[in-house]
Amino acid sequence: MTTASKRRIYILDTTLRDGEQAPGFSMNLPEKIEVAKRLEKLGVDIIEAGFPASSPGDLEAVKTIAGIVTNSTVAALCRCLEKDIDAAWEALANAAANPRIHVFLATSPVHMEHKLKMTQEQVLDQAAASVRYAKHFCADVEFSAEDAFRSDPDFVCNVFGAVIEAGALTVNFPDTVGYAMPAEFGERIRYVKEHTPGMEKACLSVHCHNDLGLAVANSIAAIANGADQVECTVNGIGERAGNASLEELVMSLRVRNDYFTADTGIDSTRLYPASRLVAKVTGVKVQPNKAIVGANAFVHQAGIHQHGVLINRETYEIMTPESIGLPREMLEAPNRIVLGKHSGRHAFEDRLSELGLTVDPEILEKVFVEFKNLANKKKIVGDRDLEALVMYNTVSVPETWVLDHWAVNTGSALGASGVIRLQHKDGRFEKLVSMGDGPIDAIFKAINQIIGREPELELYEIGAITGGSSSQGETMVRIGMNGKHWNGRGISTDIIESSINAYLSAVNVMEWDLR
Ligand code: KIV
Ligand code: ZN
């Protein structure tokens, strides 16, 4: 069966909502915009961009993304409350294309009794009334029965029937706490499909969490039993152990197209760049043995395996790295020279597009200038360098503080001291010297004194972009204050400067957020 003749499975990506709400995965507005653009290019059908009633920042993010995205539907989540639905619509009203209001209400006994303090009748009435209210604003309304898997199946069918009658075009069956087993989940989906009144008028969706590591398996069992839409996230990020991983779902259907009679509309060659972007903006690395996008996913270590793939790749490879957008040469030699200081703009742009890195024309010029500077300093510019350059230039916020210069003095016999001069956006320069437990501590303390704030350094990680002693250092920091958290990233051929860049970028995100 060709891809075209297969049953179409719709992908609702919730990286920017369920993914972002997990601790340590927060993203700022420019980062969310970049992720949304990447999801649109990937071919995601519905981008769940946030939960507008949860914070003014979420409302602004959904509004901005809805105003930009044209090829995917943009969804906003809300509780079954008029004020939440109003906030969702405020964010979606000026959508460039198709907006979706996604309302949810729990249907399981434990949620209804202890959290909602509502009876089944009240839940059913509120669900239907909320869908009716949302339909005043928006034709496309989705209803989710939170904790559906631990709910009475016949009650869920009744609620689904009532909300379909009220106008819901999609009904979603979440395994909110990741409790289901695949065969059991598949059977439940078939039951709901067959016993929900009016089900033929709506799309049946599933939303699986990964608490027992079964989110993808459960989603696939649901597809095999009639689900039309799956909700998932890039790299499987999300509440607790995460959500079903988008790339695993997509590639399972694609690689086993001999087995499945269904497929998605995702361009699989954009999966790897999307995974890298999400890992970079959240500052959370993908585990090396993660299926599809982990660093080891295509690496053959054992001699017998290496021998096998040299004779015929199919001995140990069920898919090619190219099929997920990872050029084989990038995998085998990430720090080989791809471009040098004499490379022209064409070669530069061609390589970016081979790597699936699309850059807006206004940013391209800046990235090209920085590439030339780097090529002069470093001689070897590899694919990972290009990836970092694009990333650092596309997701930055307006800067309050810019680095002018710095110096540190350190050694085994002396304490460390650092001096730094920063320029404020209003033009003034500020310079400070500070002592510390090491050069990084000294310089970060000096920055804190200049900016007049003392955020907590919650995460500091430094690594080499390409490997080898000539590699650029890449630093990731997270700072926090009064329950809020901000990420920053920096790159430089000097590791102290890369740390300063990362710290300042987090400071700039903080200043922008607190403006
Ligand atoms: O896990 C869940 O039940 C959810 C719903 C709000 C869809 O995220
Ligand atoms: Zn969820």
Side-chain angles (χ1 to χ4, degrees), residues 10-23 25-26 44-55 58 62 73-81 84-85 87-88 91 100-112 114-116 123 126-127 130-131 134 140-151 153 155-156 159-160 163 168-180 185 188-189 192 202-216 218-219 222 227-246 249:
Y10 296 96
I11 294 285
L12 180 148
D13 178 280
T14 183
T15 305
L16 295 170
R17 199 278 298 168
D18 220 328
E20 206 255 355
Q21 84 193 29
F25 286 85
S26 61
V44 160
D45 299 288
I46 304 108
I47 299 173
E48 185 160 74
F51 186 168
S54 69
S55 73
D58 248 45
V62 177
T73 292
V74 174
L77 184 72
C78 44
R79 290 168 297 180
C80 280
L81 298 174
D84 274 36
I85 298 169
R100 173 179 294 187
I101 295 181
H102 178 185
V103 293
F104 74 96
L105 189 59
T107 48
S108 65
V110 64
H111 278 243
M112 290 190 293
H114 298 288
K115 186 182 80 175
L116 300 174
V123 165
Q126 189 165 330
S130 301
V131 170
D140 188 352
V141 175
E142 170 171 341
F143 171 80
S144 281
E146 190 188 11
D147 206 14
F149 183 72
R150 293 193 301 166
S151 308
F155 177 54
V156 175
V159 174
F160 279 180
V163 296
L169 299 184
T170 302
V171 286
N172 182 34
F173 190 98
D175 180 18
T176 301
V177 290
Y179 186 67
F185 196 66
R188 188 70 61 86
I189 293 307
V192 169
C203 162
L204 179 58
S205 171
V206 292
H207 174 112
C208 296
H209 278 270
N210 207 30
D211 298 67
L212 293 171
L214 294 170
V216 171
N218 287 338
S219 307
D228 310 292
Q229 171 179 292
V230 281
E231 305 196 355
C232 49
T233 58
V234 174
N235 297 340
I237 69 172
E239 278 281 357
R240 306 180 311 280
N243 289 59
S245 139
L246 181 147
L249 279 170

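Whatever order the structure lists ligands and atoms in, that order sets their numbers, starting from 1.
Under a 3.5 Å cut-off, the side chain of Asn218 and the backbone N or O of Ala180 do form a donor-acceptor pair. Here the side chain of Thr107 pairs no donor or acceptor atom with the backbone of Val156 at under 3.5 angstrom.
Contact atoms of ligand 1 toward His209: 1 (O) (distance under 4.0 Å to a heavy atom of the residue). For ligand 1 and Pro174, the ligand atoms under 4.0 Å from any heavy atom of the residue are 3 (O). Atom numbering of ligand 1 starts at 1 in the shown order; those under 4.0 Å from a heavy atom of Glu146 are 3 (O).
Residue Asp18 touches ligand 1 through its side chain alone, judged by heavy-atom distances below 4.0 Å.
Taking atom 7 (C) of ligand 1 as the reference point, the nearest protein heavy-atom neighbour is Ser144 OG, 3.7 Å.
Atom CG of residue Asp211 and atom OH of residue Tyr179 lie 12.0 Å apart, to the nearest 0.5 angstrom. Within the model, atoms CD of Glu146 and OG of Ser151 stand 9.0 Å from one another, a figure rounded to the nearest 0.5 Å. To the nearest 0.5 Å, the span separating SG on Cys80 from CZ on Phe143 amounts to 5.5 Å.
Around the Zn ion (ligand 2), the protein contributes the following N, O or S atoms at distances under 2.8 Å: Asp18 OD2, His207 NE2, His209 NE2.
Distances from atom 2 (C) of ligand 1 to the heavy atoms of Arg240, His111, Glu231, His207 put His207 nearest.
For the ring pair (Phe, Tyr, Trp, His ring centres under 6.0 Å) test, residues two or more places apart in sequence or in another chain that qualify with Phe173 are Phe185.
Considering every non-hydrogen atom in both Ser245 and Asn235, the closest pair reads CB-C, 4.3 Å.
Counted within 6.0 Å of CZ on Phe155, heavy atoms from surrounding residues, nucleotides or ligands total more than 12; the atom is thus considered enclosed.
At least one heavy atom of Arg17 sits closer than 4.0 Å to an atom of ligand 1.
The shortest side-chain heavy-atom distance between Leu204 and Phe160 falls under the 4.5 Å cut-off.
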